[in-house]
Amino acid sequence: MQTSRLWDLIQEPQGLTTVFQPIFETRGASGGASGGGHRRLFALEALTRGPKQTNIERSDILFEYVRRKRREPEVDLLAIASALRQARGLPGKPCLSLNVHAVTLEREKRLPAWLAELAAEYGVPLDSLIIEIVEHAPPWSGPCFLDNLDRLRGLGVRIALDDVGLGQSNFRMIVDCRPDLLKIDRHFVDGSHADPMRRAVLESISDLACRLGARAVAEGIEDERDLATASAAGISLLQGYLLCRPCSPRALKKMDFMTSPEHFRELGSDALDDLTQELPRMVLG
Amino acid sequence: MKPRLLVVDDEESILSAIRDYFEPRGYEVDCARELEEAEALLSHIRYALLIADLRLTGVQGNEGLELIRFARERSPWTRTIVLTGYGSSEIEMEAIGRGVDAFLQKPQPLAELAAIAANLTGRDA
């Protein structure tokens with residue numbers, strides 16, 4: 001490969017940075033009529049940002065670039081290292097959800113051992129890690145992919161499947177990967193309060209997750225009514241801008257759900273409004 | 001809203017010259033230096049116009065034509081101009097076959113390039 005300025009920047013020590021978006025867990029079946037009620041932090045999804053002041057600072061453009069370069073494995077490992085490094089010092093040792101391309105799981109035989117070493121170095125318990133499989137193009141059917149998932153599970157790492165309901169994130173993928181978490185794509189969450197079809201999909205995936213011994217996560221919640229709809233569908237793991245935008249580690253440390261992560265807290269609509277008004281000043285991405 | 005323009009060239013001086021000329025004339029200009037970077041931008045940002053050098057560092061061959069093909073497929077609303085210092089009639093015919101809107105030789109006076117860009121994006125030059 002010829003020299004590339006962008007590729008060199010990605011590989012610099014601070015080339016990639018990480019922001020974190022909380023996934024909340026609601027207590028009880030519906031979390032109240034408004035979808036509010038008792039919530040606690042379940043995990044933080046690590047979201048990678050590219051080198052600052054470049055065209056690839058935005059994560060969607062970064063990973064489009066990386067996929068076109070066919071360098072997903074190297075960047076996934078760099079992103080994981082960045083996430084664990086930047087999560088150091090967060091109160092309560094929260095669970096971390098780390099995005100990994102399916103192709104990385106197929107090509108990187110050393111991933112589980114490498115992750116175990118890195119987690120030990122940063123003092124992160126392996127059972128607090130979730131590997132979230134993204135971009136499940138055909139390599140996921142390979143033997144290394146499934147072997148890596150087994151070995152990760154053997155270490156105590158949980159497996160999540162991203163974008164359930166879209167593209168390759170289908171029933172076969174669910175059966176092969178046996179995920180602990182099914183992350184329902186925002187396409188089905190957004191507007192679900194007004195769309196019986198979307199609501200039916202949410203209920204169906206929630207029920208499927210339950211029957212498989214997994215849990216469903218509703219992503220992309222930006223509306224109180226969709227929050228209530230997801231909760232009413234039995235989905236107790238929730239993520240989206242309405243609840244909390246992606247935050248820098250420094251901003252996260254100021255959040256009350258971080259300082260008392262072991263306790264359910266009453267987070268009503270007013271508290272959420274306060275939070276969402278406060279966040280833009282602290283948000284990186 | 002300002003028309004958004006993507007300029008793709010491996011020469012920093014050309015990127016700077018085009019940006020410095022077009023921005024004061026009401027365009028929002030993004031610059032990319034390699035094929036994959038330009039493809040990633042075209043995949044996520046809606047551009048009115050793409051101005052691409054024929055040859056870019058990174059891949060052997062006429063990457064500008066590859067980029068035109070990509071733009072036609074993934075960003076069909078984007079009008080396209082290819083600039084080249086190596087143009088032959090065969091390459092020009094290939095570019096036209098791929099749907100390029102204008103195939104121009106380097107060096108190209110910026111005022112003429114701006115007039116063509118304005119025509120393609122429906123603006124006054």
Side-chain angles (χ1 to χ4, degrees), chain A residues 1-12 15-17 19 47-76 78-79 99 101 103-104 134-137 162-163 166-168 185-187 190 220 241 246 284-285, chain B residues 2-16 18-19 22-23 27-76 78:
Chain A
M1 186 177 136
Q2 289 181 287
T3 302
S4 158
R5 184 186 66 96
L6 282 180
W7 182 247
D8 292 344
L9 287 172
I10 286 173
Q11 294 183 94
E12 285 185 359
L16 299 180
T17 53
V19 293
L47 301 168
T48 305
R49 301 290 185 257
K52 294 197 182 307
Q53 296 178 346
T54 68
N55 285 327
I56 59 170
E57 184 170 354
R58 260 173 59 173
S59 63
D60 54 352
I61 298 176
L62 167 69
F63 283 104
E64 190 76 39
Y65 172 78
V66 168
R67 285 191 281 272
R68 297 198 166 278
K69 286 278 190 193
R70 299 180 188 275
R71 307 302 285 263
E72 298 98 320
E74 292 121 298
V75 175
D76 281 345
L78 288 169
N99 289 321
H101 287 82
V103 68
T104 301
V134 299
E135 295 292 331
H136 341 102
D162 196 27
D163 298 334
L166 284 189
Q168 299 280 347
D185 189 83
R186 65 182 60 238
H187 178 78
D190 187 23
Y241 277 20
L284 282 179
Chain B
K2 292 180 179 180
R4 199 156 181 178
L5 168 60
L6 176 61
V7 188
V8 189
D9 203 299
D10 58 339
E11 286 187 48
E12 201 62 46
S13 59
I14 290 177
L15 294 174
S16 301
I18 293 178
R19 175 159 46 202
F22 276 79
E23 279 185 345
Y27 292 87
E28 188 174 353
V29 181
D30 290 334
C31 296
R33 293 147 190 86
E34 52 183 305
L35 178 65
E36 296 87 349
E37 181 184 12
E39 289 177 339
L41 288 167
L42 281 165
S43 298
H44 292 279
I45 295 172
R46 191 181 178 100
Y47 289 101
L49 179 65
L50 165 69
I51 300 176
D53 187 20
L54 182 66
R55 290 189 180 173
L56 303 171
T57 305
V59 181
Q60 296 299 317
N62 300 323
E63 298 90 350
L65 297 185
E66 175 64 18
L67 197 52
I68 297 302
R69 186 192 60 76
F70 182 87
R72 287 272 77 83
E73 289 178 8
R74 297 283 295 268
S75 183
T78 302

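Numbered from 1 within each chain, the chains take letters A, B, ... in sequence-line order.
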Does the plane of the ring in A:H101 sit parallel, tilted or perpendicular to the ring in A:F63? Use 30° and 60° as the thresholds.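 The arrangement is tilted - the two ring planes meet at 30° to 60°.
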Notebook entry, point to check: Side chains of A:S4 and A:Y65: donor-acceptor distance under 3.5 Å anywhere?
Noted result: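 The answer is yes; a qualifying pair exists.
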* **side-chain contact (heavy atoms from CB on, under 4.5 Å) partner of B:D53, the single match among B:V7, B:D10, B:L15** =>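 With B:D53 as partner, side-chain contact (heavy atoms from CB on, under 4.5 Å) holds for just one option, B:D10.
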### Query
Does the side chain of A:P246 reach to within under 4.5 Å of the side chain of A:L47, using non-hydrogen atoms?
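They are in side-chain contact.
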| field | Minimum side-chain heavy-atom gap B:E39-A:E64 below 4.5 Å | value |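 Not in contact.
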(message) According to salt bridge (charged side-chain N to carboxylate O under 4.0 Å, His left out), who are the partners of B:R4, at least two apart in sequence or on a separate chain?
(response)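 By the salt bridge (charged side-chain N to carboxylate O under 4.0 Å, His left out) rule, B:R4 matches B:E28, B:D30.
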Problem set entry | A:R58 versus chain B, the contacting section by heavy-atom distance below 4.5 Å |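 Contact with chain B is through the side chain of A:R58 alone.
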With chain A as the partner chain, list the residues of residues 66-76 of chain B whose heavy atoms fall under 4.5 Å from it, by residue number, and write 'none' if nothing qualifies.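 Counting heavy atoms that sit under 4.5 Å from chain A, the residues of residues 66-76 of chain B involved are B:F70, B:R74.
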